[in-house]
S.K.: 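Okay, handing you the structure first.
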There are 2 protein chains.
Amino acid sequence: MSKRPKTSPQQPTAERSDPGAPAGLNQIPLLQILSAQDRQKVLGEMTETRYGKGEYIFREGDPTEYFHIVKEGSVKCVKSSLDGKECTLKVLMPGDLFCCDASAFDGASHPGTAQPMGDVSVLRMKKEAYFKMLRANPDAAMEVIRYLGNRLNEAQEKAKVLALDRADQRLASLLVNLAERSGIKDPNGIRVTVRLTRQDMANMVGVTTETAIRIMARFKKDRLVTGTAARLVIRDLPKLKLLAST
Amino acid sequence: MSKRPKTSPQQPTAERSDPGAPAGLNQIPLLQILSAQDRQKVLGEMTETRYGKGEYIFREGDPTEYFHIVKEGSVKCVKSSLDGKECTLKVLMPGDLFCCDASAFDGASHPGTAQPMGDVSVLRMKKEAYFKMLRANPDAAMEVIRYLGNRLNEAQEKAKVLALDRADQRLASLLVNLAERSGIKDPNGIRVTVRLTRQDMANMVGVTTETAIRIMARFKKDRLVTGTAARLVIRDLPKLKLLAST
DNA sequence: CAAGAAACATGACAATAGTCATGTTTTATT
DNA sequence: AATAAAACATGACTATTGTCATGTTTCTTG
């Protein structure tokens with residue numbers, strides 16, 4: 001729960017995506033599903049844009065014009081309340097889709113803000129072209145349905161955790177998820193590759209920064225984790241899992 | 001929007017399959033989208049089932065075999081934690097789809113329990129037939145994408161409220177939603193047609209029953225609402241809206 | 001319509017998490 | 001390497017919500 005950060009608005013760099021076969025594109029399931037021919041066509045309609053720290057991909061309330069895919073880096077989806085508190089609903093990773101949904105339909109506006117975490121690269125496509133693509137490719141449409149269903153389950157699981165669990169359990173759940181979704185092996189356990197400050201974690205589980213710090217300090221003392229932000233390592237995943245559901 | 005006033009608490013219309021266009025079915029957007037011909041075909045593949053209080057449509061962990069549509073009544077989607085606490089993630093109303101999502105795909109099991117609230121009638125269809133239908137009907141697939149997108153936004157909004165708002169604000173938000181989604185005019189304000197006990201409300205906003213009772217008592221004292229369960233009436237929607245975001 | 005079961009209600013107290021204030025350490029920038 | 005800015009840390013106090021206990025009212029059902 002933080003007040004809004006101040007930003008120095010820079011212009012993001014936009015460029016036509018290379019129709020050749022840029023590295024990273026094979027991490028995107030939706031594109032993998034298409035025939036080589038359709039993929040080329042779709043890539044021709046997509047633009048790659050890079051964003052840096054402090055920029056916004058779009059903000060809550062902006063009109064929805066594009067469908068997006070994360071190509072590189074992580075993007076956080078944030079909503080904020082009138083009194084300036086904010087919460088992070090989801091961290092998108094390469095291959096994740098956004099604005100693939102209803103808001104993109106009836107001329108509505110973005111229900112939340114999309115913010116890069118560090119340097120990111122995003123592919124985007126006019127929503128009209130996106131809809132056309134879905135209508136023409138039942139496989140792509142099915143993939144989007146599958147994807148949205150997963151996101152819905154995830155969001156409901158998150159709601160359940162927020163509704164029923166204590167702060168320390170919610171934080172433990174977060175750490176377990178991070179380990180499983182963005183963890184790599186490390187001599188001391190599992191290293192989380194997304195850079196997350198205590199404040200970021202606080203925003204992800206609906207507590208204040210102080211509370212997140214205190215709980216993480218306890219976890220550290222109990223040898224469940226080490227390090228902060230850039231060097232966060234999960235040392236005892238089983239115990240965290242246990243704590244998350246106890 | 002209930003289809004008829006609830007004068008007699010006993011057995012409603014004993015439904016026999018009217019081959020033409022049975023009443024109730026035109027409240028289901030997904031079916032409306034189909035051509036008359038496709039609709040007939042789909043209806044031929046669907047089975048109508050009735051459930052009563054205390055029964056389950058399916059339970060958390062059961063294998064996912066069917067796609068479902070609510071035809072009459074309300075259905076609650078519930079998850080519970082190991083220590084027996086429950087939370088209600090969503091109340092489905094006529095026209096709502098469930099298991100239209102990913103869990104239905106890779107042979108996974110239900111992430112939550114579906115429970116009727118009173119008497120309900122549900123249409124269901126084998127998932128294989130459902131997928132086939134989606135592939136054959138781009139319009140239907142687009143409708144499901146639209147629907148899932150809305151559900152996702154709703155779930156994320158719910159997560160935000162759980163993460164950032166106080167108990168009384170969450171309850172106020174709930175009442176506002178209820179008024180807007182299932183309210184009918186009443187001499188004293190807006191009557192909520194879904195029967196919800198204080199315990200139900202507590203489960204929907206992640207508080208204990210006692211807390212829900214205390215807060216509702218305060219709302220009653222402040223003339224924001226009247227009545228309980230079956231006769232819940234919202235008397236001052238604007239004030240509740242204000243409270244929800246203050 | 002009586003009896004039992006839910007639902008509603010309220011008080012006393014405990015636990016959890018937030019707020020505010022202040023200080024230290026780490027990280028980023030010139 | 002110096003400096004500024006984040007991030008981390010901790011104490012003291014407060015607010016919010018949960019827990020447990022107990023009693024009343026309202027529905028349901030035989």
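So you know, we letter chains A, B, ... as the sequences are listed, proteins then strands, and number each from 1. Keep in mind that the numbers below use all heavy atoms, side chains included, and drop hydrogens, waters and symmetry copies. Not measured: the values here are computed from a predicted model.
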S.K.: Does a salt bridge link A:D168 with A:R218, judged by any charged N lying under 4.0 Å from a carboxylate O?
M.R.: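 Salt bridge flag = yes for A:R218 with A:D168.
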S.K.: Are B:E154 and B:R181 ion-paired here, with the side-chain N under 4.0 Å from a carboxylate O?
M.R.: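 Looking at B:R181 together with B:E154, the answer is yes, because their closest N to O distance falls below 4.0 Å.
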S.K.: Measuring only between side-chain heavy atoms, which start at C-beta, is A:I57 closer than 4.5 Å to A:T113?
M.R.: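 A side-chain contact is absent here, since even the closest heavy-atom pair is not under 4.5 Å.
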S.K.: Return the value, rounded to whole Å, for the distance between atom NZ of B:K220 and atom C1' of C:dA7.
M.R.: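 Whole-Å distance recorded here is 12 Å.
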S.K.: Can you confirm whether the side chains of B:Y56 and B:D62 place a donor and an acceptor under 3.5 Å from each other?
M.R.: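 There is no such pair (donor and acceptor under 3.5 Å, judged by atom type) between the side chains of B:Y56 and B:D62.
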S.K.: Anything under 3.5 Å between a protein N or O and an N or O of nucleotides 19-23 of chain D, put it in a table, one pair a line.
M.R.:
{"unit_1": "D:dT19", "atom_1": "O4", "unit_2": "B:R214", "atom_2": "NH2", "d": "2.8"}
{"unit_1": "D:dC20", "atom_1": "N4", "unit_2": "B:E210", "atom_2": "OE2", "d": "3.4"}

S.K.: C:dA28 phosphate, OP1 or OP2: any side-chain N/O from A:R195 under 4.0 angstrom?
M.R.: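 Checking A:R195 against C:dA28: at least one side-chain N or O falls below 4.0 Å of OP1 or OP2.
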S.K.: For A:L164 and D:dG18, what is the distance between atoms CG and P respectively, to the nearest whole Å?
M.R.: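 Distance check: A:L164 CG to D:dG18 P gives 11 Å.
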S.K.: In plain terms, say whether A:R50 and A:E72 are close enough for a salt bridge, that is, a side-chain N and a carboxylate O under 4.0 Å apart.
M.R.: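 Here A:R50 pairs with A:E72 in a salt bridge, since their nearest N and O are under 4.0 Å apart.
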S.K.: Charged N to carboxylate O below 4.0 Å: is that the case for B:K241 and B:E180?
M.R.: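 Between B:E180 and B:K241 there is a salt bridge, with a charged N closer than 4.0 Å to a carboxylate O.
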S.K.: Between B:L162 (CG) and C:dA17 (P), how many Å, whole number?
M.R.: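 It works out to 15 Å between those atoms.
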S.K.: Using whole Å, what does the distance between atom P of nucleotide D:dG18 and atom CG of B:D83 come to?
M.R.: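 Spelled out: CG on B:D83 to P on D:dG18 is 14 Å.
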S.K.: A:M216 CE to C:dT25 P: how many Å, rounded?
M.R.: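 Value for this atom pair: 20 Å.
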S.K.: When the nearest nucleotide of DNA chain C is assigned to A:A212 and to A:T228 on a heavy-atom basis, which residue is associated with the more 5' position?
M.R.: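 Nearer the 5' end of the strand: A:A212.
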S.K.: Pull out every residue in residues 239-246 of chain B that has a heavy atom closer than 4.0 Å to any atom of DNA chain C, ordered by number, or say none.
M.R.: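 Per residue number, the list is empty: none.
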S.K.: Are the charged groups of A:K79 and B:E157 less than 4.0 angstrom apart, N to O?
M.R.: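 A salt bridge is present here (some side-chain N lies under 4.0 Å from a carboxylate O).
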S.K.: Do A:E48 and A:V122 come close enough that some side-chain heavy atom pair is under 4.5 Å?
M.R.: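 A:E48 vs A:V122: side chains apart.
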S.K.: Starting at CD of B:Q169 and ending at P of C:dG18, how long is that distance when rounded to a whole Å?
M.R.: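 So the CD-P distance, B:Q169 to C:dG18, works out to 14 Å.
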S.K.: For the side chain of B:Q199, counting heavy atoms from C-beta on, which of C:dA7, D:dT16, D:dC8 is nearest?
M.R.: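 Between C:dA7, D:dT16, D:dC8, the one nearest the side chain of B:Q199 would be C:dA7.
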S.K.: C:dG18, C:dT27, D:dA7: which one has an atom nearest the side-chain heavy atoms of A:V207?
M.R.: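 Among C:dG18, C:dT27, D:dA7, the one nearest the side chain of A:V207 is C:dG18.
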S.K.: Please state how far atom CG in A:N203 lies from atom P in D:dC8, giving the value in whole angstrom units.
M.R.: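 Distance, rounded to whole Å: 12 Å.
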S.K.: Can you tell me which nucleotide in C:dC8, D:dC8, D:dT17 comes closest to the side chain of A:A229?
M.R.: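 Side chain of A:A229 sits closest to D:dC8.
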S.K.: Measure CZ/B:R166 against P/D:dG18 and give the value in whole Å, please.
M.R.: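 Nearest whole value for this atom pair: 13 Å.
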S.K.: Want to settle it: does B:A167 or B:K53 sit nearer the 5' end of DNA chain D, counting the closest nucleotide to each?
M.R.: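 Here B:A167 is the residue nearer the 5' end.
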S.K.: Verify, without hydrogens or angle tests, whether B:K220 (side chain) and B:V225 (backbone) share a donor-acceptor contact under 3.5 angstrom.
M.R.: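 Flag not set: sc B:K220 to bb B:V225 has no pair under 3.5 Å.
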S.K.: Tell me which nucleotide among C:dT27, C:dA17, D:dT16 gets nearest to the side chain of A:R231.
M.R.: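 Closest nucleotide to the A:R231 side chain: C:dT27.
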S.K.: Answer yes when B:D200 and B:K76 have at least one side-chain N-carboxylate O distance shorter than 4.0 Å, and no when they do not.
M.R.: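 A salt bridge is present here (some side-chain N lies under 4.0 Å from a carboxylate O).
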S.K.: State which of D:dT17, C:dA7, D:dC8 makes the closest approach to the side chain of A:I213.
M.R.: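 Of D:dT17, C:dA7, D:dC8, D:dC8 is nearest to the side chain of A:I213.
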